[in-house]
Amino acid sequence: MAKLESSLKNMLLSLTLISLSASALLAGGYALTKEPIDKASQDKKDKAIKEVLPQGNISLDEPVEIKLEGFDDAFIVYPAREGDKLVGCAIETYDNNGYGGKIKTMAGLDSEGNIINYSILETNETPGLGAKASEWFKTKGDIRGKNPSQESFKVSKDGGEIDAITASTITSRAFIASIKSAYKAFEKYQEQSKQ
């Protein structure tokens, strides 16, 4: 095989071919993995909805998008009914101010706005510290059964009554903020459903 002359034209041709090959490989990898990733994400969301709602013979209404002032993304409310009675809502909520960025949570509230349960859907918090939020707020800083409208829903470092994760106050604040946002979305949903 003859060696190509080292010229600008040959270098540009080589770089273009390499770039096109790499782009094709990346596009192919994306196409192969997109569907399984989307399915796994939806399965996780479905499991979280079941986990945060009351147990029993409940049915889910169609999800409702709720926009709150000051937030870019909509909150998704999944109303749960037993017969005709609203027994609670699973709310896909988030806060962008975690130590590692966005924290996405599925929060379950009963018909009075009390927290039934929660499940963290997505977080980039520090392993061993902020990543402990998924269990911390069910044990040491238990928020279940509390109502964000009736209590000081702040971490103790900010004058509240909820124990923050040791060495992860920023994560704790963001998690609590995501739950407070879920409550606001719940209130707005209730207002809209009365109209």
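The first residue of the sequence shown is numbered 1, and numbering continues consecutively from there.
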Joint cluster assignment, I76 & V52, ILVMFWY side-chain distance < 4.5 Å: yes
Tell me whether K67 at atom NZ has more than 12 heavy atoms from other residues, nucleotides or ligands lying less than 6.0 Å away. yes
Linked, directly or transitively: I115 and I162 (ILVMFWY side chains, under 4.5 Å): yes
Neighbour count >12 (heavy atoms, 6.0 Å) for atom NZ, K154: no
Hits for side chain to side chain contact (heavy atoms under 4.5 Å, CB included) against N114, two or more places apart or cross-chain, chain-then-number order -> D110, E112, N147
Could you state whether L109 and L121 fall into the same hydrophobic cluster, counting links through intermediate Ile, Leu, Val, Met, Phe, Trp or Tyr residues with side-chain heavy atoms under 4.5 angstrom apart? no
Decide, yes or no, whether a salt bridge links D38 with K34 under the criterion of side-chain N to carboxylate O below 4.0 Å. yes
Starting at CD of E187, measure out to OG of S149 and round the result to the nearest 0.5 Å. 6.5 Å
Without swapping roles, check the side chain of R144 against the backbone of K138 for a donor-acceptor pair under 3.5 Å. yes
Of all heavy-atom pairs linking P148 and G113, the shortest is CD-O, 3.6 Å
Separation of S21 OG from L26 CG (nearest 0.5 Å): 11.0 Å
Looking at K184, I want to see if its NZ is surrounded by more than 12 non-hydrogen atoms of other residues, nucleotides or ligands under 6.0 Å. no
Compare every heavy atom of S152 with every heavy atom of G159, then report the nearest pair and how far apart it is. O-OG, 4.1 Å
Search all heavy atoms of P79 against all heavy atoms of V77 and return the closest pair with its distance. CD-O, 3.2 Å
Of D95, T123, D73, N97, the one forming a side chain to side chain donor-acceptor pair (under 3.5 Å) with K102 is D73
Apart from I37 itself, residues in the same hydrophobic cluster as defined by side-chain heavy atoms under 4.5 Å: none
Do K45 and E92 sit within salt-bridge range, that is, some charged N less than 4.0 Å from a carboxylate O? yes
Distance-only, no hydrogens or angles: does the T93 side chain make a donor-acceptor pair with backbone N or O of I179 under 3.5 Å? no
How many angstroms lie between OG in S178 and CG in N96, if you round to the nearest 0.5 Å? 10.5 Å
With under 30° as parallel and over 60° as perpendicular, where do the rings of F137 and F175 fit, or are they tilted in between? parallel
Do L53 and I58 have side chains that get closer than 4.5 Å, going by heavy atoms? yes
Is any NZ, NE, NH1 or NH2 atom of the basic residue among R173 and D158 found under 4.0 Å from an Asp or Glu carboxylate oxygen of the other? yes
Using 0.5 Å steps for rounding, measure from the CD1 atom of I66 to the CG atom of L68. 7.5 Å
Centroid-centroid distance, F75 to Y94, less than 6.0 Å: yes
For the atom pair CG (N124) and CD1 (I103), what is the distance rounded to the nearest 0.5 Å? 9.0 Å
So with a 6.0 Å cut-off around CD of E35, is the heavy-atom count from everything else above 12? no
Taking D163's backbone N and O only, do any of them form a donor-acceptor pair with W136's side chain (distance below 3.5 Å, no angle check)? yes
Check whether any side-chain heavy atom of R81 lies under 4.5 Å from a side-chain heavy atom of K85, and answer yes or no. no
Would a hydrophobic clustering, with Ile, Leu, Val, Met, Phe, Trp and Tyr connected at side-chain separations under 4.5 Å, put I116 with L60? no
Got Y118 and M106 here, is their nearest side-chain heavy-atom distance under 4.5 Å? no
State plainly whether the residues E151 and K180 are in salt-bridge range, i.e. N to O under 4.0 Å. no
Sidechain-backbone polar pair: S168 side chain, I165 backbone, donor-acceptor under 3.5 Å: no
What's the spacing between T16 OG1 and M11 CE if we round to 0.5 Å? 12.0 Å
Any link between V155 and Y183 through a network of hydrophobic side chains (Ile, Leu, Val, Met, Phe, Trp, Tyr) touching at under 4.5 Å? yes
Can any side-chain N or O of K104 pair as donor or acceptor with the backbone N or O of I120 at less than 3.5 Å? no
Under 6.0 Å from the CZ atom of F71, do we count more than 12 heavy atoms belonging to anything else shown? yes
Should D46 and K50 count as an ion pair when the cut-off is N to O under 4.0 Å? no
Indicate yes or no: at least one non-hydrogen side-chain atom of Y78 is less than 4.5 angstrom from one of I91. no
